[in-house]
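A, B, ... follow the sequence lines: proteins, then strands. Residue 1 opens every chain.
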There are 2 protein chains.
Amino acid sequence: MALRGTQQHSIIADYLRTLIRSKKLSPGDFLPSEAELCEQFSSSRGPVRQAVAALRSEGLISSGRGRRSVVLGRFTSESFDSIYSVTHWLRERGFEPGASTLWLGRCPASEQEAEFLRVDTGSPVIFVHRVRSANGMPIAIERMFFPLDVGSQILNFDADNESIHDHLRKQGVDFDSVNRELSLAYASEEDARSLNIDPGTPLWRLHLDISDHSGHPVECTEILYLGDRMTLGMTNVRGTTSPLEVKLSEG
Amino acid sequence: MALRGTQQHSIIADYLRTLIRSKKLSPGDFLPSEAELCEQFSSSRGPVRQAVAALRSEGLISSGRGRRSVVLGRFTSESFDSIYSVTHWLRERGFEPGASTLWLGRCPASEQEAEFLRVDTGSPVIFVHRVRSANGMPIAIERMFFPLDVGSQILNFDADNESIHDHLRKQGVDFDSVNRELSLAYASEEDARSLNIDPGTPLWRLHLDISDHSGHPVECTEILYLGDRMTLGMTNVRGTTSPLEVKLSEG
DNA sequence: CAGTGGTCTAGACCACTCA
DNA sequence: GAGTGGTCTAGACCACTGC
């Protein structure tokens with residue numbers, strides 16, 4: 001947990017997270033009152049409440065009118081970078097990320113990619129097809145599509161040994177929002193060979209649509225994960241809304 | 001989208017959500033400036049910023065220093081009730097929920113339930129085993145465990161035709177926070193029969209640990225969903241944290 | 001009834017974006 | 001340089017909890 005800034009609200013939030021993660025506060029314990037935090041940090045209530053709101057939206061505490069805030073658990077949240085970058089995701093969890101590139105170059109956009117990337121179907125986009133591994137074991141197939149202006153910056157890139165997203169961010173590409181869809185899929189013949197599994201094995205299919213801060217598309221990606229080793233955890237507290245929706249298709 | 005209160009911040013947030021959902025604002029469009037919203041609602045900046053923060057954490061907008069906030073999409077968020085109640089979840093999505101109870105009564109707690117419910121392994125808890133359906137088609141197996149003080153209130157309950165959670169909430173049970181874990185499972189012989197599928201069919205396993213606002217356990221549940229009809233959608237914006245973690249087990 | 005968090009006001013300064 | 005959102009202050013009143 002890095003100190004993310006020198007703003008008072010994030011200092012206070014980090015202090016509270018540390019109280020919880022270091023076990024100085026356990027589930028069921030009370031947080032310091034807002035008045036105490038104001039005094040401790042010589043702050044007004046604004047920053048204190050901003051900090052407490054952050055913890056609440058992370059599922060760490062529950063609070064309400066008239067009662068002290070209560071610690072719920074020691075849950076961790078994902079960083080924004082780990083949402084769209086398999087490399088960051090693996091590193092943050094202590095795995096050594098690996099990539100083996102099967103394809104990197106132009107290809108005509110299919111209908112699905114074209115729609116999100118706002119280009120014509122069949123017009124050229126940059127396509128990257130890789131097998132991703134954790135500690136040397138294959139765990140996922142990655143198919144990434146970039147619009148030409150973004151993707152042309154990786155045409156001469158060593159996609160086996162560096163993070164594409166780190167490189168693009170250094171080039172000024174702004175990854176600001178990600179829309180994810182998780183569903184169930186079955187391994188095709190081709191992907192089964194890449195992952196060294198049987199065709200038809202169930203997989204997690206994760207589809208990512210990534211935009212910059214103006215809402216312009218910068219990437220459209222599909223990742224197929226081996227399902228047996230993956231778990232998705234969430235904690236939600238009444239009164240907060242998480243940007244999540246479980247959908248059910250017509251049957 | 002119901003008006004959730006008469007507080008200014010939620011009135012303003014609902015106004016903004018309506019602008020987006022009614023297509024008066026489209027992805028890429030600018031939100032009104034905070035100053036304009038202050039004037040329009042005769043409000044100070046506090047409530048306006050609280051409203052805007054809510055939309056940001058729902059993934060609807062992106063904002064940043066020096067620039068107008070931008071609409072990202074028309075994503076919907078799940079209500080808190082729909083997280084822990086299959087009945088609410090189905091109703092909100094326009095399906096007719098159904099339940100067929102296979103078992104309702106006491107049973108000795110296994111190690112897993114005992115740990116979360118904070119009772120001894122083997123001591124009695126209330127167990128409900130149901131097949132859930134949407135529009136008459138089976139879609140999930142539900143196994144719910146309640147501590148005695150909570151669960152004893154449903155021993156004479158018609159679990160086929162009423163929502164257990166609605167009933168318990170009327171009895172004063174406080175469902176305040178939910179920790180969820182989603183993973184991949186394969187249908188057992190027994191569950192396959194209940195769902196009218198082949199044994200070994202891949203399913204989503206959703207495990208719920210539910211607590212009241214003090215952090216005391218009120219329910220521990222496992223739901224196995226037919227995977228082919230389920231999708232999970234999320235939108236995240238840089239700078240906000242969602243209470244979510246994608247975990248990878250050693251392997 | 002004292003203490004708590006939820007809501008709101010009316011200012012202020014700053015960092016940043018964009019025309 | 002005007003406008004914007006991010007941060008902060010110093011108050012205030014209220015609804016509610018728990019003693």
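As rounded to whole Å, 14 Å separates atom P of D/dC19 from atom CZ of A/Arg67. Between the P atom of C/dG6 and the CZ atom of B/Arg49 lies a distance of 18 Å, rounded to the nearest Å. C/dG5 atom C1' lies 15 Å from atom CD1 of A/Ile12, rounded to whole Å. Here C/dC14 presents its C1' atom at 14 Å from CD of A/Gln8, a figure rounded to the nearest Å. Atom CG of A/Leu16 and atom P of C/dG5 are 11 Å apart (whole Å). Atoms CD (B/Glu34) and C1' (C/dA10) sit 15 Å apart, rounded to a whole Å. Between the C1' atom of C/dG6 and the CD1 atom of B/Ile11 lies a distance of 15 Å, rounded to the nearest Å. In this structure, the CD atom of A/Glu39 is 14 Å from the P atom of D/dA10, given to the nearest Å.
Contact annotation: A/Arg45 does not reach the phosphate of D/dT9 (side-chain N/O to OP1 or OP2, under 4.0 Å). Between A/Gln50 and the phosphate of D/dT7, there is a side-chain N or O to OP1/OP2 separation shorter than 4.0 Å. A sub-4.0 Å separation between OP1 or OP2 of D/dC14 and a side-chain N or O of B/Gln7 is absent. Phosphate contact (OP1/OP2 of C/dG6, side-chain N/O of A/Ser63, threshold under 4.0 Å): present. In terms of phosphate contacts, A/Ser43 brings a side-chain nitrogen or oxygen within less than 4.0 Å of OP1 or OP2 of D/dT9.
Here the closest non-hydrogen pair linking A/Asp176 and B/Ser62 is OD2-OG, 2.6 Å. Among all heavy-atom pairs drawn from B/Ser82 and B/Trp89, the shortest one is O-CB, 3.5 Å. Here the shortest heavy-atom pairing between A/Leu168 and A/Ile154 reads CD2-CG2, 3.8 Å. Nearest heavy-atom pair, B/Val71 versus B/Ser26, reported as atom, atom and distance to 0.1 Å: CB-O, 3.5 Å.
Considering B/Glu245, B/Glu222, B/Glu78 as possible partners of B/Arg180, the one that fulfils the salt bridge (Lys or Arg N to Asp or Glu O under 4.0 Å) test is B/Glu78.
If you check D/dG6, C/dC8, D/dT7 against the side chain of A/His9, the one that comes closest is D/dT7. Ranking D/dC16, D/dG5, C/dC8 by closeness to the A/Arg65 side chain, first place goes to D/dC16. Side-chain atoms of A/Arg68 lie closest to C/dG5 of the nucleotides C/dC8, D/dG5, C/dG5.
Nucleic acid contact class of A/Ser42 (heavy atoms, under 4.0 Å, all strands): sugar-phosphate only.
Residues B/His213 and B/Gly64 each lie close to DNA chain D; by heavy-atom proximity, the contact nearer the 5' end of the strand is made by B/Gly64. Each of B/Pro32 and A/Gly46 lies near DNA chain D, and the nucleotide nearest B/Pro32 is the one positioned closer to the 5' end.
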